[in-house]
**Q** 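Let me give you the structure first, and then I'll get to my questions.
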Protein chains: 2
Amino acid sequence: MSSRAAQPALKTPVSANGKRGGNGKARHREQDIEVGLDGLVGHAGYAVRRFQIWIFQDFIRTLAAVDIKPTQYSVLTVIGANPGLSQMAVAKRLGIERARLVHLLDSLEDRKLVRRVQSRTDRRSHALHLTGRGEASLRQFMLLAAEHERHVAEKIGAANREHLLRILAAFT
Amino acid sequence: MSSRAAQPALKTPVSANGKRGGNGKARHREQDIEVGLDGLVGHAGYAVRRFQIWIFQDFIRTLAAVDIKPTQYSVLTVIGANPGLSQMAVAKRLGIERARLVHLLDSLEDRKLVRRVQSRTDRRSHALHLTGRGEASLRQFMLLAAEHERHVAEKIGAANREHLLRILAAFT
DNA sequence: AACAATTGTTGTCGTCAACAACAATATTTC
DNA sequence: GAAATATTGTTGTTGACGACAACAATTGTT
C-alpha cells in the first residue's frame, strides 16, 4: 500500500535524561541538546506551517514602517486590481469571512486608503475603491513587498522560490 | 536593482459593475465572475498561506475520527521519539510557548495519552512520557497522518510534494 | 547567604476563523 | 403584485492561538 509512509520509528529515545554527568563546564543543558524529531520529518504540513510563520514575520517586519500586515495588503491589492468590487466578492476571493472583512475595511477606510461607495445597481452592497492616497500608498507597499519577496529568495534560494510558486500556483 | 519586482499592474478594472444587462437567465452574478488578482500572483506568502489552510483542514478532517489536531499530533510525535523530555524542551523544539503547552498537555493527560513524571534530576521540571495507551494510539495516528500525506501527494503531485519537502527541510 | 535564572503555571490581551442573528434590500415563487 | 426566500453588510459570541507578564518553586551563580 504505502510506499514508505508509516515509519517504524517511535522508538528512538535520545537519552535526554541522565546526561548531566559531565564534570566542570556543563556548557549546554538538556534543552540545548539536539532533539530528534523522527516522526515529524516527512510531514508536509509541519514544514509548511513553520515556513508560513517565518514568511509572515518577515513580511510584517519589512512592512512595519508603513504598518501594513499581509491580510491588509491582500485586500488593497485585490481592490486596486478590481475597483468596484463588492465586499462579498472580495471576501470570497481572498477566502476570508465577510464579517472579518468589515473590520479590515473599517481600518483601511479610517486611514483614507479605501472608500465604500454605495452601489447603484444593488443598494445593499458597497462598491470598493482605492482613494488617491490609497493608490499611491499601494505602489509603495508593493515595492516593500517586493523587497520581502527578495528576502524569501535569499532564504530558500531564488530557483526554489520559483519552483515553490509553480507548485502552489493552484492555491493562489 | 529589482529584476521584475514591482509590477506596473494596479490598473486593471475587470468591469464588475454595470454587467447586469443580459436578459432572461442571469446565470452568474457579479461575485461569480472571475476576479483578477494581478498583484497577488508571485507572492510566495499568499500561496503558502492558502496551501497551509488547505493542508491543515485535510489533516483535521482525516484525523477527525480520533480527534487529534496538528499541534497535538506534533506534541505526541516529539514525546514519542524522545521520552523524558521536559516541557521547556518540547516547547522550544516545536516553537510553541510553554504557557500554551501546559493546556495541550493537560488535554492529552486527561485522555491518558501522556504522563507528566516528576524529574529527579530537576525537581522543577516534568519528564514527559507516552502512556501505553499513548504509544498504541500514536501508531494509529501515524497511519492516518500517512493517509493525509497521501492526500497532499494527490493534490500537488507526489514529485512536487517531495521537492517541496526538500525545499522546506530547513524549517522542519 | 544573597542574588539571578529557569520551570511550570496562571492570567490577560490582541488576532483570527467559524458561527449565529439581524435589518435592509433583492430575487424568486405563486 | 404579494409572499416567501436569498443575499449583503453588520454586530456579536465563541474557541484556538501567539505574545506577554507575573508568580511560586527550584536551581545556578557570585
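Throughout, a chain's letter reflects where its sequence line sits, starting with A, and its residues are numbered from 1. None of these values were measured; they are calculated from a predicted model.
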**Q** Need one value for A:Arg120: base, sugar-phosphate or nothing, where a base atom within 4.0 Å counts as base even if backbone is also close, heavy atoms only.
**A** nothing

**Q** Could you tell me the separation between the CZ atom of A:Arg49 and the P atom of C:dC16, rounded to a whole number of Å?
**A**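 Rounding to the nearest Å, CZ of A:Arg49 and P of C:dC16 are 16 Å apart.
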
**Q** Please check if atom CZ in B:Arg50 has more than 12 non-hydrogen atoms from other residues, nucleotides or ligands closer than 6.0 Å.
**A** yes

**Q** Are B:Gln52 and A:Phe171 side-chain neighbours, meaning at least one heavy-atom pair lies under 4.5 Å?
**A**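 No, too far: nothing below the 4.5 Å cut-off.
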
**Q** So does A:Ile156 get a backbone contact from the side chain of A:Asn160, meaning a donor-acceptor N/O pair under 3.5 Å?
**A** yes

**Q** Quick one: ring-ring contact (aromatic ring centres under 6.0 Å, His included) pairs with a partner in residues 125-159 of chain B, sequence neighbours left out?
**A** B:Phe59-B:His148

**Q** Given the structure, check if the side chain of A:Arg123 and the base of C:dT25 hold any donor-acceptor pair shorter than 3.5 Å.
**A** no

**Q** In whole angstroms, how far is the C1' atom of D:dG9 from the CD1 atom of A:Ile96?
**A**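 Atom-to-atom, A:Ile96 to D:dG9, this comes out as 14 Å.
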
**Q** Less than 4.5 Å apart, side chain to side chain, heavy atoms only: is that true for B:Leu63 and B:Lys69?
**A**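 No, too far: nothing below the 4.5 Å cut-off.
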
**Q** Tell me which nucleotide among D:dT27, D:dG9, D:dG18 gets nearest to the side chain of B:Glu97.
**A**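 Between D:dT27, D:dG9, D:dG18, the one nearest the side chain of B:Glu97 would be D:dG18.
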
**Q** Need to verify one output field. Residue with the more 5' nearest nucleotide on DNA chain C, B:Arg124 or B:Ile53?
**A**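 Going by which nucleotide is closer to the 5' end, it is B:Arg124.
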
**Q** Check the distance between D:dG15's P and B:Ile60's CD1 and give it to me in whole angstrom.
**A** 17 Å

**Q** Quick one: does A:Arg111's side chain get under 4.5 Å of A:Gln72's, heavy atoms only?
**A** yes

**Q** What is the separation between atom NZ on A:Lys92 and atom P on C:dA17, rounded to the nearest whole Å?
**A**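 After rounding, the gap between these two atoms is 17 Å.
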
**Q** What residue pairs, at least two apart or across chains, pass ring-ring contact (aromatic ring centres under 6.0 Å, His included) with a residue in residues 74-103 of chain B?
**A** none

**Q** What residues, two or more places apart in sequence or in another chain, satisfy side-chain contact (heavy atoms from CB on, under 4.5 Å) together with A:Glu154?
**A**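 A:Glu154 satisfies side-chain contact (heavy atoms from CB on, under 4.5 Å) with no other residue.
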
**Q** Find the distance B:Arg61:CZ to C:dA18:P and express it as a whole number of Å.
**A**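 Interatomic distance, CZ of B:Arg61 to P of C:dA18: 12 Å.
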
**Q** Give a yes/no answer on whether the side chain of B:Gln118 brings an N or O atom under 4.0 Å of OP1 or OP2 in D:dA25.
**A**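 Result: no.
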
**Q** So what is the end-to-end bend of the helix from C:dA1-D:dT30 to C:dC30-D:dG1, with 5 pairs used at each end and the value given to 10 degrees?
**A**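 Roughly 20°, once rounded to the nearest ten degrees.
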
**Q** If you check every side-chain atom of B:Ser86, which of D:dT10, D:dA19, C:dG8 has the closest atom?
**A**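 That would be C:dG8.
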
**Q** Do B:Asn82 and B:Val78 come close enough that some side-chain heavy atom pair is under 4.5 Å?
**A**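 Yes, close enough: below the 4.5 Å cut-off.
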
**Q** Any side-chain heavy-atom pair from B:Leu105 and B:Ile79 closer than 4.5 angstrom?
**A** yes

**Q** Can you tell me how far P of D:dG9 sits from CG of A:Asp122, to the nearest Å?
**A** 8 Å

**Q** Taking DNA chain D as the partner, which of residues 65-74 of chain B come within under 4.0 angstrom of it by heavy atom?
**A** B:Lys69, B:Thr71

**Q** Find the distance B:Gln52:CD to D:dC17:C1' and express it as a whole number of Å.
**A** 12 Å

**Q** Hey, can you pull the residues of residues 98-112 of chain A with a non-hydrogen atom under 4.0 angstrom from DNA chain D?
**A** A:Arg98, A:Ala99, A:Val102

**Q** Within this structure, what is the NE2-to-C1' distance between A:His126 and C:dT25, rounded to whole angstrom?
**A**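 So the NE2-C1' distance, A:His126 to C:dT25, works out to 12 Å.
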
**Q** Can a side chain N or O of A:Gln87 be found less than 4.0 Å away from OP1 or OP2 on D:dT10?
**A**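 Affirmative; the distance criterion is met.
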
**Q** Flag the pair B:His43 / A:Thr172 as yes when at least one side-chain heavy-atom distance between them is below 4.5 Å, and no otherwise.
**A**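 No, their side chains stay 4.5 Å or more apart.
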
**Q** Does the B:Thr131 side chain pair with the main chain of B:Lys112, one donor and one acceptor, at a distance under 3.5 Å?
**A** yes

